Amino acid sequence: MYVCVCNAFTDRDVRSHAERDAGTVSTVYRSLGATPKCGKCVPLVLQLMRQVAVELPEPVSAPG
């Protein structure tokens, strides 16, 4: 589904970024070559990033 109509990016675009880099909403826009225009999508981008963070497995730490 489209998350940002102004910049034409989808939930898959946001999830793909969030799986690689757990940065900020700003880093998502930068990585997609976009900037928020109307801003209505920002809460949804943040929600998707949080969902991905919950879905990703915890990193396994080396015994030490």
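The structure displayed is predicted, hence computed values, not measured ones. Side chains are part of it too, since the values below use all heavy atoms of this structure and drop only hydrogens, waters and symmetry mates. Position 1 is the first residue of the sequence; numbering continues from there.
- Nearest heavy atoms, A34 versus F9: CB-CE2, 4.3 Å.
- For Y29 against C41, the heavy-atom pair with the smallest separation is OH-SG, 2.7 Å.
- Atoms CE and NE2, from M49 and H17 in turn, are 5.5 Å apart once rounded to the nearest 0.5 Å.
- Side-chain contact check for Q51 versus R15: some heavy-atom pair is nearer than 4.5 Å.
- Remark: the T10 side chain and the D13 side chain contain an N/O donor-acceptor pair separated by less than 3.5 Å.
- Although no hydrogens or angles enter the test, the distance criterion places no donor-acceptor pair under 3.5 Å between the side chain of D11 and the main chain of L48.
- With values rounded to the nearest 0.5 angstrom, C4 atom SG is found 11.5 Å from K40 atom NZ.
- Closest approach of N7 to T35, counting heavy atoms only: ND2-O, 2.9 Å.
- Put simply, the residue from V52, L46, V25, V45 that forms a side-chain contact (heavy atoms from CB on, under 4.5 Å) with V14 is V45.
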